[in-house]
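What follows is a short report on a single structure.
Ligands are counted one by one from 1 in listed order, and the atoms in each one are counted from 1 as well.
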Amino acid sequence: MATPVKVTVTGAAGQIGYALLFRIASGQLLGSNVPVKLSLLEIPQAVKAAEGTAMELDDCAFPLLSGIEITDDPNTAFAGANVALLVGAMPRKAGMERGDLLGANGGIFGPQGKAINEHAADDIKVLVVGNPANTNALIAQQNAPDVPADRFTAMTRLDHNRALSQLAAKLQVPVTEIKNMTIWGNHSATQYPDLYHAEVGGKIAAEQVESEWLRDTFIPTVAKRGAAIIEARGASSAASAANAAIDHVYDWVNGTDWTSAAVVSDGSYGVPEGLISSFPVRAAGGRFEIIQGLEIDAFSRDRIDASVRELTEERDAVASLGLI
Ligand code: NAX
């Protein structure tokens with residue numbers, strides 16, 4: 001059997017972790033012929049719950065799962081890691097200001113970035129899911145100066161998948177007929193799901209829907225879907241978030257022509273260099289590359305700028321807290 005790939009999952013005892021781990025162990029993250037070794041990182045109070053999940057993983061007798069390690073020490077969890085899914089984060093509590101939230105998460109993602117820098121494998125790929133995902137990814141990346149910056153990404157694939165599903169329902173087409181969907185900016189309510197480059201049946205999607213629907217229904221429905229799920233389910237998205245994390249890493253490793261991912265900006269499309277912002281990307285040879293040369297109309301420009309402005313403010317806030 002090939003050498004197993006070490007996949008580290010933080011927040012492993014949480015609800016996304018519960019939906020994610022079984023899919024990784026079954027081969028859906030990396031491919032059905034790639035053995036994996038799981039490392040579960042939790043805070044001390046949740047290690048026992050992670051042990052329970054590990055017992056269930058054992059009980060699945062997954063042929064590709066070569067071992068499970070459970071720890072509350074980031075240095076152990078990231079030692080030799082090839083893929084890291086940073087899911088555990090500090091949730092916003094009632095009355096918490098944005099600065100408090102960013103500061104609390106800096107206390108998690110700074111040390112995790114350092115541990116990745118010192119202990120991860122040379123080919124480490126990092127996906128940050130825990131919110132605020134883009135800025136948490138920036139904190140981890142800035143604390144890992146020896147790791148190439150493009151190995152740090154944040155997840156907007158759930159937003160991308162939500163956009164596909166909303167558009168497919170509107171036009172009554174299978175999701176497979178939609179090409180070139182893009183989420184721009186921050187994984188937050190300011191994100192911009194773009195129908196001016198998406199195509200359905202070879203024609204631009206924005207030309208096949210009413211502009212009022214695009215502006216007043218589609219964009220807010222995609223951007224606020226997380227809140228709608230909480231309202232309906234009494235808990236935040238978990239299985240769909242896990243599914244999106246699987247899609248993100250699978251495509252990163254195995255290649256894709258077009259998807260959305262938050263990656264370190266090289267200045268493309270006027271997004272300041274260094275911000276971790278969502279772009280249209282392709283993947284080849286284990287690397288994401290921002291798709292270049294798209295024309296951006298005035299409506300899209302305003303939306304992208306608003307979301308990027310929010311990311312810039314978040315970056316300035318964590319910089320002033322000394323987190324990056
Ligand atoms: P849960 O509260 O169920 O689980 C989080 C887990 O993380 C807990 O078990 C907790 O003990 C653990 N944890 C906290 N601090 C940790 C640390 N320092 N090291 C290791 N583990 C730690 O949350 P869940 O529903 O699983 O969501 C996890 C994160 O994903 C949240 O931040 C959430 O906001 C975010 N999401 C991001 C999405 C995205 O599209 N980027 C969508 C879904 C989700 O809302």
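Leu41 O, 3.6 Å is the protein heavy atom nearest to atom 20 (C) of ligand 1. Among all non-hydrogen protein atoms, the one lying nearest atom 5 (C) of ligand 1 is Gly14 CA, 4.1 Å. In this structure, the protein non-hydrogen atom closest to atom 17 (C) of ligand 1 is Ile43 CG2, 3.6 Å. Scanning the protein heavy atoms around atom 14 (C) of ligand 1, the nearest turns out to be Ala89 O, 4.0 Å. Taking atom 42 (C) of ligand 1 as the reference point, the nearest protein heavy-atom neighbour is Leu158 CD2, 3.7 Å. Nearest to atom 44 (C) of ligand 1 among the protein's heavy atoms is Ile16 CD1, 3.7 Å. Protein heavy atom closest to atom 32 (O) of ligand 1, with residue, atom name and distance, is Asn131 N, 3.0 Å. Protein heavy atom nearest atom 41 (N) of ligand 1, with residue, atom name and distance: Val129 O, 3.2 Å.
Under 4.0 Å from ligand 1, heavy atoms of Val87 appear from its side chain as well as its backbone. Looking at Arg157 against ligand 1, nothing comes within 4.0 Å, counting heavy atoms.
Those atoms of ligand 1 that come under 4.0 Å of a heavy atom in Ser237, given as number and element, are 43 (C). Counting the atoms of ligand 1 from 1 in the order shown, those under 4.0 Å from a heavy atom of Ser236 are 25 (O). In summary, the atoms of ligand 1 found under 4.0 Å from a heavy atom of Ile108, numbered by their order in the structure, are 15 (N), 18 (N). Every atom of ligand 1 with a heavy atom of Gly11 under 4.0 Å away is listed here by number and element: 6 (C), 7 (O), 12 (C), 20 (C), 21 (N). Within the listing of ligand 1, atoms 42 (C), 43 (C) sit less than 4.0 angstrom from a heavy atom of Ala241. Heavy-atom proximity to Ala13, at under 4.0 Å, picks out these atoms of ligand 1: 9 (O).
At a threshold of 4.0 Å, the pair Glu42-Lys48 does not count as salt-bridged, since none of the basic side-chain nitrogens sits closer than that to a carboxylate oxygen. Electrostatic pairing of Lys170 and Glu210 counts as a salt bridge here, judged by a charged N lying under 4.0 Å from a carboxylate O. In summary, Lys179 and Glu199 do not engage in a salt bridge, as defined by a charged side-chain N under 4.0 Å from a carboxylate O. A salt bridge links Asp305 to Arg301: at least one charged side-chain nitrogen sits closer than 4.0 Å to a carboxylate oxygen. Using a cut-off of 4.0 Å between Lys/Arg side-chain N and Asp/Glu carboxylate O, Asp251 and Arg157 are scored as salt-bridged.
Inside a 4.0 Å radius of atom 36 (N) of ligand 1 there is at least one protein heavy atom.
Between the choices Gln15, Gln191, His160, Gln112, the shortest heavy-atom distance to atom 25 (O) of ligand 1 belongs to Gln15. Distances from atom 39 (C) of ligand 1 to the heavy atoms of Arg162, Glu42, His187, Arg225 show the closest one on His187.
Not one N or O on the side chain of Asp216 forms a donor-acceptor pair closer than 3.5 Å with the backbone of Ser211.
Summarising the geometry, atom CG belonging to Asp302 is positioned 9.0 Å from atom CG belonging to Asp297; distances are rounded to the nearest 0.5 Å.
Looking at Trp258, Phe279, Trp252 one by one, the single match for ring-ring contact (aromatic ring centres under 6.0 Å, His included) with Phe288 turns out to be Trp252. Each of Gln191, Arg309, Glu314 was scored for a side chain to side chain donor-acceptor pair (under 3.5 Å) with Asn186, with one residue passing: Glu314. Screening Tyr192, Trp213, Tyr196 for a ring-ring contact (aromatic ring centres under 6.0 Å, His included) with Phe218, the sole residue that qualifies is Trp213.
A heavy-atom distance below 4.5 Å is found between the side chains of Asn131 and His187. Contact check for Asp266 versus Val264: no side-chain heavy atoms found under the 4.5 Å cut-off.
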